[in-house]
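The structure appears right after this line, and notes come after that.
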Amino acid sequence: MSVPFIDLVKQYKSIKEEIDQAISEVVESQYFVLGPKVGELEERIADYCQIKHGIGVASGTDALLLSLMALDIGHGDEVITTPFTFFATAGSISRLGAKPVFVDIDPKTYNINPQLIADKITEKTKAIIPVHLYGQCADMDPIMEIAEKNNLYVIEDAAQAIGAKYKGRMAGSIGHLGCLSFFPTKNLGGYGDGGMVLTNNKELEKKVRMLRVHGSKIKYNHSVVGLNSRLDAIQAAVLLAKLKYIDQWNESRRKNADLYNSLLTDLADVVTPFCHEYNYHIYHQYVVGVKDRDNLKEYLNKNEISTQIYYPIPLHLQDCYQELGYQKGQLPVSEKTADEVLALPIYSEVTKSQQEQIVNAIKDYLVK
Ligand SMILES: *Cc1c(COP(=O)(O)O)cnc(C)c1O
């Protein structure tokens, strides 16, 4: 039986009535952009993430962009981040004319290595963007400490980590700003693009709110140049309906991860995910490390088991960043990791027998 990488249809069918009802209410109201539904979602997500303010925006990428804009980051500025992430993390920095400065990752968690940050700070550095990769928080304590010492802002890229916890604190609530994505395949996914900026800072909240509607507080009065980055009401309605299930879905991803871990224990060639005991990992992705990754992926594919690579090329080696002047070998942990990682199906609806089928296929390949 074939195993898809993710099955959103299965999830939809399990809550179809609620979702259809929520969407139909919005259609009946004909209030599609921002409005009361978006306001309600902002409050509910802020509560959930244990933070004062949530600002609904058009995508996770825009959440990053607007956060940087709210901090007045642009030409001549540098922002420290990880090269082992989705492109949007660095792309949003470059979009504003600022320069991403890449710091290598921790070989176990694949998150930014805090010990390597201090060396990269210059007079131009304005902020650090740690990414909570695959649903596990980056090591925030040392990052916040370095930031405080050097007067830098911290923007958490929590696009993969809604509901994850670091030492009991919610992902996205620790830095000066936190960014969420509601892309359909994220742990809390809408039915289109969507995102949210989180902050405890009233000034930053006001700024982001203004920037998402063309820098305007009073209609047709523009105090700064912003963008059109509004969240729409259909997304808010779907997300409100789904928010009730996020803990349950995250828990079942964790259970699925436990099952993989135990099924894979005796396979010396497979490195299972490392999770710090102080972290509550929500397994946006379940990622194993395998030296012979590409051939294994192909073998699984032939056996109708779908897997993914997050991410095959670290950002410092992307064509669009040649101008930054990085060489191969400069960020060795990211480069090695990019060659070895393989994400297995981990969505909450994947069944035990599917997981067993996947592991058996991995064994067939590796122990042949
Ligand atoms: C998904 C993602 C984003 C961007 O979110 P979009 O909603 O797709 O724009 C940013 N950073 C990371 C780490 C992501 O996984």
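Everything quoted here is computed from the prediction, not taken from an experiment. Just so it is clear, the values below take in all heavy atoms, side chains as well, and ignore hydrogens, waters and symmetry mates. The first residue of the sequence shown is numbered 1, and numbering continues consecutively from there. Remember, it's 1-based here, ligands and their atoms both numbered in the order they're listed.
Nearest protein neighbour of atom 11 (N) of ligand 1, counting heavy atoms only, is D157 OD2, 2.8 Å. If you check which protein heavy atom lies closest to atom 2 (C) of ligand 1, you get K186 NZ, 2.6 Å. Regarding atom 15 (O) of ligand 1, its nearest protein heavy-atom neighbour is Q160 NE2, 2.8 Å.
For ligand 1, the atoms lying closer than 4.0 Å to a non-hydrogen atom of T85 are 13 (C). For ligand 1, the atoms closer than 4.0 angstrom to any heavy atom of V131 are 13 (C). Atoms of ligand 1 lying under 4.0 Å from any heavy atom of T61, numbered from 1 in the order shown and given with element: 4 (C), 5 (O), 6 (P), 9 (O). Each of the atoms 4 (C), 10 (C) of ligand 1 lies under 4.0 Å from some heavy atom of A88. The T89 neighbourhood of ligand 1 comprises atoms 11 (N), with distances under 4.0 Å to a heavy atom of that residue.
Considering backbone and side-chain atoms alike, G60 places an N or O below 3.5 Å from some N or O of ligand 1.
Listed by chain and residue number, nothing satisfies the ring-ring contact (aromatic ring centres under 6.0 Å, His included) test with H222 (two or more places apart in sequence, or in another chain). Remark: H316 engages Y326 in a ring-ring contact (aromatic ring centres under 6.0 Å, His included) (not counting sequence neighbours).
A salt bridge links R209 with E42; the closest basic N to acidic carboxylate O contact falls under 4.0 Å.
Between Y134 and Y283, the distance from one ring center to the other does not fall under 6.0 angstrom.
Remark: among candidates S181, A159, G195, the nearest residue to atom 7 (O) of ligand 1 is S181, based on non-hydrogen atoms.
Contact of the D106 side chain with the Y110 side chain is not registered, since no non-hydrogen atoms from C-beta on lie closer than 4.5 Å.
Taking the centre and axis of the six-membered ring of Y280, the NZ or CZ atom of R254 falls inside the cone set by 45° and 6.0 Å.
Taken to the nearest 0.5 Å, the CG atom of N201 stands 7.5 Å off from the OH atom of Y153.
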